[in-house]
Protein chains: 2
Amino acid sequence: MSDLNQHFPLVVRQLRKDRGWSQEHLAEKADLNRSYVGEIERGDAIPSLLTAEKLAQALEINLSTLVAQCEQA
Amino acid sequence: MSDLNQHFPLVVRQLRKDRGWSQEHLAEKADLNRSYVGEIERGDAIPSLLTAEKLAQALEINLSTLVAQCEQA
DNA sequence: CTGTGACTGTCAGTCCGTA
DNA sequence: GTACGGACTGACAGTCACA
């Protein structure tokens with residue numbers, strides 16, 4: 001079982017870095033708190049499906065694409 | 001887009017029905033509470049990413065596949 | 001008698017404001 | 001970028017009602 005929860009933080013951080021964004025910029029685009037984005041990227045917090053979708057939208061990809069990247073990581 | 005949360009309950013219920021399972025049987029396979037599965041299918045509860053993955057595993061599909069179905073619904 | 005909806009109360013964890 | 005404290009909610013156990 002590819003542990004999605006382990007990969008999710010890493011993939012989010014990776015995609016954010018690819019775009020050259022700060023946590024703050026991502027947080028603003030996702031309509032989330034900037035400290036919470038930090039917790040997610042560190043794996044300290046597991047987001048709800050709603051929050052995960054906000055992050056995907058902010059990263060300008062489908063949530064299914066984001067999840068798929070976690071699965072094949 | 002924004003209505004993944006609207007489709008998610010319906011897709012889960014659909015897939016469960018396709019397999020001819022009761023909420024209780026799905027709950028057992030997903031290691032979740034029966035009444036909570038009911039709440040999710042009614043849209044009364046929004047699952048976390050972890051819970052969504054448990055449901056996907058119980059339904060014997062990838063979470064990315066499950067999410068993709070919600071997006072194209 | 002099985003499957004589901006609905007409503008409590010409880011607790012861990014998410015989420016945010018502030019530093 | 002992280003750390004901390006409080007508010008909010010995901011998740012569960014238990015129960016009753018309805019088909």
Side-chain angles (χ1 to χ4, degrees), chain A residues 1-64 66-67 69-71 73, chain B residues 1-64 66-67 69-71 73:
Chain A
M1 298 284 112
S2 59
D3 236 358
L4 180 135
N5 347 299
Q6 280 186 330
H7 296 314
F8 189 81
L10 305 175
V11 171
V12 169
R13 175 163 287 179
Q14 171 89 45
L15 292 173
R16 177 175 63 79
K17 295 267 184 191
D18 286 351
R19 286 153 179 75
W21 295 346
S22 65
Q23 286 186 346
E24 181 165 14
H25 184 69
L26 175 60
E28 264 179 32
K29 289 203 61 152
D31 191 28
L32 290 172
N33 191 278
R34 127 178 109 79
S35 64
Y36 186 53
V37 171
E39 288 176 21
I40 291 176
E41 286 192 359
R42 270 179 290 129
D44 278 4
I46 295 176
S48 72
L49 212 57
L50 192 62
T51 306
E53 194 196 10
K54 281 187 186 176
L55 284 169
Q57 279 182 244
L59 291 165
E60 295 161 2
I61 60 176
N62 289 331
L63 179 56
S64 58
L66 175 56
V67 171
Q69 291 211 20
C70 300
E71 284 167 350
Chain B
M1 228 84 60
S2 50
D3 42 21
L4 183 146
N5 354 295
Q6 284 183 332
H7 294 314
F8 190 81
L10 304 175
V11 171
V12 169
R13 172 162 292 179
Q14 172 88 45
L15 292 173
R16 179 177 62 79
K17 294 269 187 191
D18 286 350
R19 286 154 179 74
W21 295 347
S22 66
Q23 286 184 348
E24 184 164 12
H25 185 233
L26 175 60
E28 269 180 27
K29 286 203 66 153
D31 192 27
L32 291 172
N33 189 279
R34 205 262 327 160
S35 59
Y36 186 52
V37 170
E39 286 174 18
I40 291 176
E41 288 193 357
R42 267 179 287 129
D44 278 4
I46 296 177
S48 71
L49 213 58
L50 191 62
T51 306
E53 194 195 12
K54 281 188 187 176
L55 283 170
Q57 280 181 245
L59 291 166
E60 294 160 4
I61 60 176
N62 289 330
L63 179 56
S64 58
L66 176 56
V67 171
Q69 292 211 19
C70 300
E71 284 166 349

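Because the structure is predicted, anything quoted here is derived from the model rather than measured.
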Would one find a side-chain N or O of Gln23(B) under 4.0 angstrom from OP1 or OP2 of dT2(C)?
-> no
From the list Val12(B), Asn5(B), Leu4(B), Leu10(B), side-chain contact (heavy atoms from CB on, under 4.5 Å) partner of Cys70(B) resolves to Leu4(B)
Whole-Å distance between [N] [atom2] and [X] [atom1]?
{"X": "Leu50(A)", "N": "dA11(D)", "atom1": "CG", "atom2": "C1'", "value": "17 Å"}
{"X": "His25(B)", "N": "dT4(C)", "atom1": "NE2", "atom2": "C1'", "value": "17 Å"}
{"X": "Glu41(B)", "N": "dG10(D)", "atom1": "CD", "atom2": "P", "value": "17 Å"}
{"X": "Glu28(A)", "N": "dC16(C)", "atom1": "CD", "atom2": "C1'", "value": "15 Å"}
{"X": "Arg16(B)", "N": "dG3(C)", "atom1": "CZ", "atom2": "P", "value": "10 Å"}
{"X": "Leu55(B)", "N": "dG10(D)", "atom1": "CG", "atom2": "C1'", "value": "13 Å"}
{"X": "Glu24(A)", "N": "dT2(D)", "atom1": "CD", "atom2": "P", "value": "13 Å"}
{"X": "Asp44(A)", "N": "dT2(D)", "atom1": "CG", "atom2": "P", "value": "9 Å"}

Would you please say whether a donor-acceptor pair under 3.5 Å links the side chains of Asn33(A) and Ser35(A)?
-> yes
Looking across every strand, which nucleic acid part, if any, lies under 4.0 Å from Glu39(A) by heavy atom: base, sugar-phosphate, or nothing?
-> base
When all nucleic acid strands are considered with a 4.0 Å heavy-atom cut-off, which category describes Arg34(A): base, sugar-phosphate, or nothing?
-> base
For Ile46(B) and for Gly38(A), locate the closest nucleotide of DNA chain D by heavy-atom distance; then report the residue assigned to the nucleotide nearer the 5' terminus.
-> Gly38(A)
Closest nucleotide of DNA chain D for Ser35(B) versus for Arg42(A): which of these residues is on the 5' side?
-> Arg42(A)
Any side-chain heavy atom of [X] sitting closer than 4.5 Å to one from [Y]?
{"X": "Gln69(B)", "Y": "His7(B)", "value": "no"}
{"X": "Leu15(A)", "Y": "Arg19(A)", "value": "yes"}
{"X": "Glu28(A)", "Y": "Arg34(A)", "value": "no"}

For dC1(C), what is the paired nucleotide under Watson-Crick or G-U wobble rules, both distances under 3.5 Å?
-> none
Among [options], find the nucleotide with the atom closest to the side chain of [X].
{"X": "Arg13(B)", "options": "dC16(C), dG10(D), dT4(C)", "answer": "dT4(C)"}
{"X": "Lys17(B)", "options": "dG1(D), dT4(C), dA11(D)", "answer": "dT4(C)"}
{"X": "Ser22(B)", "options": "dG3(C), dG1(D), dA11(D)", "answer": "dG3(C)"}
{"X": "Asn33(A)", "options": "dG1(D), dA13(D), dC16(C)", "answer": "dC16(C)"}

